[in-house]
Each structure stands twice: as structure tokens, then as C-alpha cells.
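Input: a single structure, listed below in C-alpha cells.
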Amino acid sequence: MTVSAWTDDRVGRLKTLWIEGRSAAEIARDLDHGLTRSAVLGKVHRLGLSAGRPPASRSARAATGPAARRSSPAKAVPPPRPETLARSAMDAPSHGTATILSVRRQDCRWPYGDPGDLGFALCGRRVARGAFCAAHAEIGYRPLRQTAEGLRALAGLA
DNA sequence: CCCTGATTCGC
DNA sequence: GCGAATCAGG
């Protein structure tokens, strides 16, 4: 019985992880099975997840590569990119509630203010990923699109 | 050189 | 549908 490597379970996890911004290689490792990052990428594309998802950091590679080099049958060009700011980034608190002494493992460590300042604080919301809450993780961890804009919004500036 | 995603194409 | 190979790029 040759069962497809892509069981509903794995596809589900793939979607989740991909949307979270995990890299293809990382997902391949997480899903286990002999899956390679190529397999993951291939599946991602077949699922149409890469269309408008996380550009990670690579600049949109428009048309250079095997495609352009070989034939390039006018491939689908990613048209709309509506998202302007990570939603959860907007949910970030305007100041912290934890301190260096009170912060626990499950408290977001995103810093507010100058560490040498009396009012220095850490975010303190529940950790979602790594050391940060969901909103701050989006800003602090690489696979973010508009990092600069996110920080700007967070700072309350325009 | 490590890594990233993107694309193609034989299977 | 699948994924290795290959690509451009950081």
C-alpha cells in the first residue's frame, strides 16, 4: 500500500507551520518522514500557499531562473498583496507589565524603554513563540514582512 | 558555504 | 500529485 506521504494530518501541519512563517526545511524536519524541503516546497505550491504568503525575506524573484531561462509560459504573477501590517502586531501593548525580576518563562520578554531607565519594562504577555507573545514574535523573528512598519506602528508613530 | 523560497519537469 | 534538481538570491 503506497500511501501518499501527504496525509491529511501532515498537510494540516504543513499549512499551519507554513503560515506561521517556518521555513520549508524546518517544516520538513518537523513533519519527519523522509520529506525534504523540496518536497515541502512542492506541496506548498501545489496547495497554493505560496501565492501571497510570507515572502520570508527573499525579494520577489519575478522572473529569473529556470523559468525564464527555459521557456516561461507567462507564469502566474503574484498580483495583489493586500496585507499592509501584521494584524497581531497591532495588538501589541503600548508598554510592558513585567520586569526583569518578575518575568517568568511564559512571559513575553519584549522590552519597553531603556533598560537603564526606571520605567523599563518587559511586555509580559503570554509567550506564543520563543521568547515573545504572538504580536512581538511577529516583529522580532525574521520571517516578517513589514518589520520596519511594524515597529513604527508599535512606536505609535506614523 | 550556509541558508531561503521558486520553478520546472520526469516520474 | 510528487519531489529532485536547479535556479536566484541573502
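For clarity, every value in this text was computed on a predicted model and none was experimentally measured. As a basis for the values below, the full set of heavy atoms in this structure was taken, side chains included, without hydrogen atoms, waters or symmetry mates. Proteins come first, then strands; the chains are lettered A, B, ... in the order of their sequence lines, and each starts at number 1.
- Which of dG3(C), dG5(B), dA4(C) sits closest to the side chain of R37(A) comes down to dG5(B).
- When heavy atoms are screened at a 4.0 angstrom cut-off, T36(A) is found touching the sugar-phosphate backbone but no base atom.
- Applying the side-chain hydrogen bond (donor to acceptor under 3.5 Å, both in side chains) test to pairs two or more places apart or on separate chains, those with a residue in residues 36-46 of chain A are H45(A)-S50(A).
- Here L31(A) contributes atom CG and W6(A) contributes atom CH2; the two are 5.5 Å apart, rounded to the nearest 0.5 Å.
- Residue W18(A) places no side-chain N or O under 4.0 Å from the OP1 or OP2 atom of dG5(B).
- A heavy-atom distance below 4.0 Å to DNA chain C is reached by these residues of residues 40-47 of chain A, ordered by number: K43(A), R46(A).
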Problem set entry | side-chain contact (heavy atoms from CB on, under 4.5 Å) between D107(A) and F132(A), worked out | CA-CA 7 Å; D107(A) 297 336; F132(A) 305 120; over 6 Å; no
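- In this view, R13(A) and D9(A) satisfy the salt bridge (charged side-chain N to carboxylate O under 4.0 Å, His left out) rule, not counting sequence neighbours.
- Between the side chain of T97(A) and the backbone N or O of R125(A), no donor-acceptor pair lies under 3.5 Å.
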Exercise. For R10(A) and L14(A), what are the C-alpha separation, side-chain angles and deciding distance, and is it a side-chain contact (heavy atoms from CB on, under 4.5 Å)?
Worked result: CA-CA 6 Å; R10(A) 268 193 268 259; L14(A) 165 64; over 6 Å; no
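- In this structure, L14(A) atom CG and dG1(C) atom C1' are separated by 14 Å, rounded to whole Å.
- Distance CZ (R29(A)) to C1' (dC3(B)): 10 Å, rounded to an integer number of Å.
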